[in-house]
Amino acid sequence: MKPGKYAMRITMLVLFIGIVAYFGIYIYQNLNNIVELTVVYTGSEEDTAEVSGFVVRDEYVIDEAASSMMEVVLNEGEKVAVGGEVAKIYASEEAVARQQQIAALEEELAQLQTLSSGSTSSDAVVLEQSIEDMMLQIHKDLADGSYTTLDEDAESLKTLVLQQNYLSDDSLDLETAITSLANQIATLESSASSDTRTVTAEVSGTYSSYVDGYEDILTVDELTGLTPSTLEKWETLASTVTAEQYIGKLIAGQTWYYAALMDEEEASRLGSTVTLRFTSDFTESITMTVESVSEASDGKVAVVFSSIEYLTQTTTLRYQAADIVYDRITGIEIPLSALRIQSTENEDGTSTSEMGVYVLVGNNVEWKPVNVLYTGEDYCLVEPTDASDSDALRSGDTVISKGKNIYSGKVISE
């Protein structure tokens, strides 16, 4: 091989190695300068203990069997006074049909009385527009699944249509119609007295259709001196009633109780009040008072909680698992990788360290100090060191969760 060609090949090889090395270094530097960004928001963590127990109330079973010839006039969670009507019992199908007729006439009478009071418009054009608006609202209720609102809007539509009929027919006299309906109702009610029986409340209370057979066992009196062994015994009890045996029960008073078995160590953390949340059926946070904590038995204690909140929403609850919330920590949730320590040299030669995060504001990097409130597996909750500072870390900021050679004032291009 000629010396010139050999030298050329050597030169090309060196040049090729140089180019490969350049691009290798370039790729390496860029891979190591990758910056990952995370938008951070407010998060929370709770310090909780799981328990299981029984909802306890003073309950009185209504001693009437459910049947197709009976109509309960109370809704779940509705209150009733002593002597108030709970249900109607009919002797025949004719009596049932009569009651349905009475209900329809009473509804029409109420609508006519509303018209008579002058609380609705007498302008035909305005009335027509109101009917169209209400029909559109009913379509919206159906689309949204707002069935409670749907019932109310349907009743309003009936009243508007009825008013339109009376406005368009001069031969119809409102007061005469009201008197006629009232007379019809009185006649039907007189006939009903012979074949319709009314069930009334023997005590004032809150109605529930749920009867489980524990009403005479899990009483408020039984909570006095409650022990872990008694609670464990309750857990072995089986219901002895069926849904058809009774039409429901009345819950007396406003206060209800939750009796739960707890570890002695967990119970020692309880204060005078606690936040409790059932894990199913009803999951609102409930403020409850700690009424009593029993002596320990095999590391367990019986704890009785009480509340006057949400009675009407918890009428069907009995054996329930729950979370007792000791503490709730709220802060800005950031990745652990975003948390950094920055050291500052002081004039006296000492150094000061502070914890914080780098935040991208526009294309500029800014340092924002924070205090750590809670540390999880791969994240933490933080709060600004000085929340009053307009430049403090806020929910919605973009933090740098990964990157090298990051410093305050650095410009990062998109």
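Numbering starts at 1 and runs along the sequence shown.
Two residues are said to be in side-chain contact when any heavy atoms from C-beta on lie closer than 4.5 Å; L393 and V399 meet this criterion. Using a 4.5 Å heavy-atom threshold, the side chains of T283 and F278 count as separate. Looking only at side-chain heavy atoms (C-beta outward), T316 and T314 stay at 4.5 Å or farther from each other. Side-chain atoms of V382 and L373, non-hydrogen and from C-beta on, never get closer than 4.5 Å to each other. Side-chain atoms of L270 and I324, non-hydrogen and from C-beta on, do get closer than 4.5 Å to each other. Residues V372 and T375 meet the side-chain proximity criterion, which asks for heavy atoms closer than 4.5 Å. With a 4.5 Å cut-off on side-chain heavy atoms, V370 and L339 count as touching. Using a 4.5 Å heavy-atom cutoff, the side chains of Q101 and L188 are in contact.
Among all heavy-atom pairs drawn from A49 and E266, the shortest one is CB-OE1, 3.6 Å. Of all heavy-atom pairs spanning G213 and I217, the tightest one is O-CD1, 4.0 Å. Nearest approach of Y246 to I62, heavy atoms of both residues: CD2-O, 3.5 Å. R277 and S285 get closest at one heavy-atom pair: NH1-OG, 3.3 Å. Across L311 and T315, no two heavy atoms sit closer than the pair O-CG2, 3.3 Å. Nearest heavy-atom pair across V303 and A267 is CG2-CB, 4.3 Å.
T187 contributes a side-chain N or O that, together with a main-chain N or O of N183, makes up a donor-acceptor pair within less than 3.5 Å. Looking only at distances, no side-chain donor or acceptor of K233 sits under 3.5 Å from a matching main-chain atom of P228. For K368 (side chain) and D391 (main-chain N/O), a donor-acceptor pair under 3.5 Å exists by modelled atom type. Side chain of E132 to backbone of Q129: no donor-acceptor contact under 3.5 angstrom is found. Under the 3.5 Å distance criterion, the side-chain polar atoms of Y326 are left unmatched by any main-chain donor or acceptor of E46. With S209 contributing its side chain and G248 its backbone, the two residues share no donor-acceptor pair below 3.5 Å.
By the neighbour-count criterion of 12 heavy atoms within 6.0 Å, atom CD of E85 is densely surrounded, having more than that number from other residues, nucleotides or ligands. No more than 12 heavy atoms of other residues, nucleotides or ligands shown are found within 6.0 angstrom of CD1 on I308. Atom CD of E265 has 12 or fewer neighbouring heavy atoms from other residues, nucleotides or ligands inside a 6.0 Å radius. In M135, the CE atom is not crowded: 12 or fewer heavy atoms of neighbouring residues, nucleotides or ligands sit closer than 6.0 Å. Remark: E107 CD is packed, more than 12 non-hydrogen atoms of other residues, nucleotides or ligands lying under 6.0 Å away.
Side-chain contact annotation: T330 with S44, donor-acceptor N/O pair under 3.5 Å absent.
Residue L226 holds its CG atom at 10.0 Å from CG of L218, rounded to the nearest 0.5 Å. To the nearest 0.5 angstrom, N363 atom CG is 8.5 Å from I412 atom CD1. Distance check, rounded to the nearest 0.5 Å: CG of L276 to CZ of F305 gives 6.5 Å. Annotation: the span from D378 atom CG to C380 atom SG amounts to 10.0 Å, rounded to 0.5 Å. With rounding to the nearest 0.5 Å, the separation of OG1 in T48 from CG in D323 is 4.5 Å. Within the model, atoms CD1 of I247 and CD of E64 stand 6.0 Å from one another, a figure rounded to the nearest 0.5 Å.
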Determine whether E106 and I185 satisfy the following criterion, side chain to side chain contact (heavy atoms under 4.5 Å, CB included), listing intermediate values before the conclusion.
CA-CA 7 Å; E106 286 177 336; I185 292 170; 3.7 Å; yes

Does the pair Q342 and S353 meet the rule for a side chain to side chain contact (heavy atoms under 4.5 Å, CB included), with working shown?
CA-CA 6 Å; Q342 180 175 274; S353 298; over 6 Å; no

Going through the distances and angles, do T230 and T227 end up as a side-chain hydrogen bond (donor to acceptor under 3.5 Å, both in side chains)?
CA-CA 5 Å; T230 301; T227 63; 3.0 Å; yes

Full working for side chain to side chain contact (heavy atoms under 4.5 Å, CB included) between V365 and V359:
CA-CA 6 Å; V365 176; V359 176; over 6 Å; no

Can you check side chain to side chain contact (heavy atoms under 4.5 Å, CB included) on W256 and I251, steps first, answer last?
CA-CA 9 Å; W256 58 280; I251 301 168; over 6 Å; no

From CA spacing to verdict: ring pair (Phe, Tyr, Trp, His ring centres under 6.0 Å), Y310, F282
CA-CA 10 Å; Y310 301 113; F282 180 77; 5.2 Å; yes

Residue pair D386, S388: steps toward the side-chain hydrogen bond (donor to acceptor under 3.5 Å, both in side chains) verdict
CA-CA 5 Å; D386 182 5; S388 63; 2.5 Å; yes

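Residue pairs meeting the ring pair (Phe, Tyr, Trp, His ring centres under 6.0 Å) criterion with at least one partner in residues 329-348, sequence neighbours excluded, do not occur; the list is empty. Here ring pair (Phe, Tyr, Trp, His ring centres under 6.0 Å) pairs that include residues 353-406, with residues two or more places apart or in two chains, are Y358-W367.
Under the side-chain hydrogen bond (donor to acceptor under 3.5 Å, both in side chains) rule, S208 has a single partner from R57, K249, E76, which is E76. Among the candidates Y258, Y257, Y319, the single residue satisfying the ring-ring contact (aromatic ring centres under 6.0 Å, His included) test with F54 is Y319.
Using a cutoff of 4.0 Å between basic side-chain nitrogens and carboxylate oxygens, R340 and E354 are not scored as salt-bridged. A salt bridge is defined here as a Lys NZ or Arg NE, NH1 or NH2 lying under 4.0 Å from an Asp or Glu carboxylate O, and D47 with R328 fails to meet this definition. For E215 and R318, the salt-bridge test passes: some basic side-chain N is under 4.0 Å from an acidic carboxylate O.
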Solution key, residues 286-302 side-chain donor-acceptor pairs under 3.5 Å, sequence neighbours excluded:
from, atom 1, to, atom 2, distance (Å)
E291, OE2, S306, OG, 2.5
S294, OG, A302, N, 2.8
K300, NZ, D263, OD1, 2.5

